[in-house]
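Since we're looking at a predicted model, the values are computed, not measured. To find a chain, count down the sequence lines: A is the first, B the second, and so on, and within it residues start at 1.
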Amino acid sequence: MNFILALFPIGLILFLMVGLRWGAARAGGAGYLTALVIATAAFGANLKLLAVAHAKALLLSMDVLLIIWAAFLLYRVADEAGAIRTIGQALPHLTNDSGMQALVIGWVFAAFLQGVGGFGVPVAVIAPLLVGLGFSPLTAVVIPSIGHGWSVTFGSLGSSFQALMAATNLPGELLAPPSALFLGIAGLITGGFVAHASGGWLTVRRLLLPVLLLGLVMGGIQYVVAVSGLWNIGSFVGGIAGLLLCFPLARRYSGEQRDNGDLDGRKLLVALSGYAILIVIILGVQLIPAVNDALRRVVLRVEFPEVQTSLGYLTPAGAGRQISVFGHTGSVLLYSSLLAYLVYRRAGWYKPNAVRSIIQGTLRRVMSSSASIASMVAMAVVMEHVGMTDTLAKGLAENMGALFPFVSPWIGALGAFMTGSNTNSNVVFGALQMHTASLLGFPVAIILASQTAGAGLASVLAPTKVVVGASTAGMAGKEGDVMRKLILYTGLLVLIVSILSIASVWLKQVSG
Amino acid sequence: MKDWIRKHEFAISTLAFLLMIAPPLPMYLAIQAGNEGLAYALLALIILGNLLVLGMR
C-alpha cells in the first residue's frame with residue numbers, strides 16, 4: 001500500500017503530462033500538492049520536517065534555476081544580436097544533409113556541451129539552433145535531449161560520477177570501467193536514435209557508417225579517459241574527438257548541393273564568439289586550479305538539523321546543496337553572457353533598447369519553467385525526507401530478487417526522473433543499490449554502473465529538463481508532447497542498460 | 001476566465017513562483033525560533049503558489 005502511495009505523485013505527473021498533455025508547471029503543482037498530502041497523512045510528515053525539506057528544496061531549486069536563467073540570458077544575448085540566425089545560416093555550408101546536421105549538432109556537439117556545461121545547457125543551446133535550421137520545434141527539442149543523455153555521468157566535469165563515489169565510498173577505479181562501458185554502448189545506440197528522430201529508419205540506414213564511427217570514437221575515448229582516472233573530463237574529451245571527426249564526415253555526407261550563398265567567415269566568427277567565450281571561461285574555471293579556487297571561495301552553505309517523521313524515518317543532520325556564488329555554472333554563464341554582449345555590441349549588432357528586450361525576453365521565457373522546477377524539486381525533496389523515495393526503491397528491489405540487475409537501472413532512472421539529475425539520483429539511491437546488491441550477492445560495481453547509466457540516460461526525461469528544452473524552442477506549455485516522444489527512446493536505452501547489466505552479471509558469475 | 005488567465009499568464013506564473021520560493025527560508029527560521037503559527041502561515045503560501053499554477057495552461 002505504501003509503495004502505491006509513494007508512486008502516486010510521480011505517476012500522476014506522468015499521467016498529466018504524457019496522457020493529458022498538461023504543461024509542466026500545472027502538473028508539477030498537482031504532483032507537489034499530492035505528495036504533500038500523502039507525506040502528511042500516510043508517511044508521518046511534521047511541520048519541522050516540512051520546513052527543513054522546503055528550505056533544502058529552495059537551495060536545490062536555486063542551484064538549478066541559476067543555470068537556467070543564465071543559459072536563457074546567454075541565448076537571448078546571442079539571439080537579439082542575430083548570432084543564432086547567422087550560425088543557423090552557416091551550418092548548411094558544412095553539410096546540407098539534415099540527418100548529418102542532427103548527428104553533428106544534436107549528438108556530438110550536445111555531448112561536448114554536456115562535458116563542459118551542466119544541467120540542461122546542451123538542450124537549451126542546441127534546440128533553438130535546430131529550429132533555425134528548419135527542424136520542427138518538437139524534433140529540435142527531442143534530438144539534443146536524447147543526444148546528450150549518454151554523456152551525463154562523465155559530463156559536467158564528472159559531478160555525477162563523483163557523487164556516486166561519495167555516496168558509496170567506493171573508488172573510481174572500481175566503478176569507472178563498467179559505467180563507461182555501459183554508457184559507451186548506450187552512446188553508440190543514441191547516435192542511431194538521433195538519426196531516427198531526424199528522419200526515420202531510412203536516415204538510420206543511410207547514416208549508419210558515421211553513426212558507428214562517431215559512436216565508437218566518442219564512447220571509446222570516454223572509456224579510455226574514464227578508466228585512466230580522468231573521469232571528470234571523460235565526456236569532454238570524447239566530445240572533442242567526435243567534433244574533430246565530424247569535419248571529414250560532414251564533407252562526405254554533405255547532402256544535396258544547394259546554393260547557400262557566400263559564407264561570411266568574419267560574421268560567423270563574431271556570431272560564434274558568444275559560445276566560444278562560454279567554452280573558454282568554463283575550461284578556465286574548471287581546469288585552472290588558481291581560478292577555480294578563487295571563484296569558489298564564497299560558498300552559500302546551510303547546515304540542517306536531523307529530522308524524523310512520526311513513523312520513525314530519519315534524515316540525518318547535514319549541509320544542504322552548497323552554492324558557490326562566483327564559481328557556480330550559472331555565474332559562469334552570466335560572465336559569458338556579459339562578455340558576449342560586449343563583443344556583439346562592439347560589432348554593432350544591437351538595435352537601440354536591446355538590453356531591455358533581452359531582459360524582458362529572458363523573464364518571459366523562464367518564469368513558467370521556474371515555477372514548475374520549484375514545485376517539482378519541493379515534491380522530490382519532501383518525498384525523500386518522509387521515506388517515500390526509499391519505499392519506492394526498496395519495493396522495486398525486494399520484489400525483484402534474481403531480476404535485481406535488470407531493475408537496477410530503472411531505480412536510477414526513477415531517481416533522475418524525480419530529481420532531474422543524475423547526481424541526485426546517485427546520491428539518493430547509490431548506497432541503497434550497493435547494499436541491496438551485496439545482500440543479493442550481485443557484483444556491486446556492475447549494479448552501480450547500471451544505477452548511474454540508467455540515471456544519466458533517463459535524466460533527459462525529467463520534467464525539469466524537458467521544461468528547459470521546450471522553453472528555448474518555443475514549446476512552453478507543450479512539454480507533454482516532448483515527453484511522449486522522448487519516453488520511447490529513453491525507455492529503450494534504459495532497457496539496453498538492463499540487458500547489459502544482466503549479461504555482465506552472468507559473465508562475471510560464469511567466469512567465477 | 002480562460003482568456004483572462006491566458007492574458008495574465010506571466011503575472012500569475014511570477015506570483016506563483018514568488019510564493020513558492022519566498023516562504024521556505026523564513027519558514028525554516030520560524031521553526032528554529034519555535035514560532036509554529038508563522039511556519040503554518042508560510043506553508044499555506046507555498047500551497048497557494050502551487051494552487052495558482054493549476055489554473056494555468
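With a 4.5 Å cut-off on non-hydrogen atoms, B:Ile21 touches chain A through its backbone and its side chain both. At a 4.5 Å heavy-atom cutoff, the contact between A:Leu50 and chain B is made by backbone and side-chain atoms alike. Contacts of B:Met27 with chain A are made by both backbone and side-chain atoms, with heavy-atom separations under 4.5 Å.
At a heavy-atom separation below 4.5 angstrom, chain B is approached by A:Leu36 within residues 35-46 of chain A.
For chain A, the option among B:Ile12, B:Leu51, B:Thr14, B:Leu18 with the highest count of heavy-atom pairs below 4.5 Å is B:Thr14. Heavy-atom pairs under 4.5 Å with chain A peak, among B:Ile46, B:Leu19, B:Leu42, at B:Ile46.
Applying the side-chain contact (heavy atoms from CB on, under 4.5 Å) rule to A:Ala55 yields the partners A:Phe304, B:Tyr28; only residues at least two apart in sequence or on another chain are considered. A:His385 is linked by a ring pair (Phe, Tyr, Trp, His ring centres under 6.0 Å) to nothing, counting only residues two or more places apart in sequence or in another chain.
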List the atom pairs, donor and acceptor, that lie under 3.5 Å between side-chain atoms in residues 373-382 of chain A and the rest of the protein, sequence neighbours left out.
from	atom 1	to	atom 2	distance (Å)
A:Ser375	OG	A:Ala371	O	3.3
A:Ser375	OG	A:Ser372	O	3.1

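Looking at B:Val53 and A:Arg26, their side chains never come closer than 4.5 Å, going by heavy atoms from C-beta outward. In this structure, B:Pro23 and A:His54 have side chains that are not in contact, with every pair of non-hydrogen atoms separated by 4.5 Å or more.
Heavy-atom minimum distance, A:Gly28 versus B:Asn50: O-OD1, 4.5 Å. Taking all atoms of both residues into account, the shortest heavy-atom contact from B:Leu54 to A:Ala30 is CD2-N, 3.6 Å. Heavy-atom minimum distance, A:Leu58 versus B:Pro24: CB-CB, 4.1 Å.
Atom-to-atom distance recorded for A:Lys48:NZ and B:Glu36:CD is 11.0 Å, nearest 0.5 angstrom. B:Ile47 CD1 to A:Leu33 CG: the interatomic distance, rounded to the nearest 0.5 Å, is 7.0 Å.
Residue B:Phe10 places its CZ atom among more than 12 non-hydrogen atoms of other residues, nucleotides or ligands, all under 6.0 Å distant.
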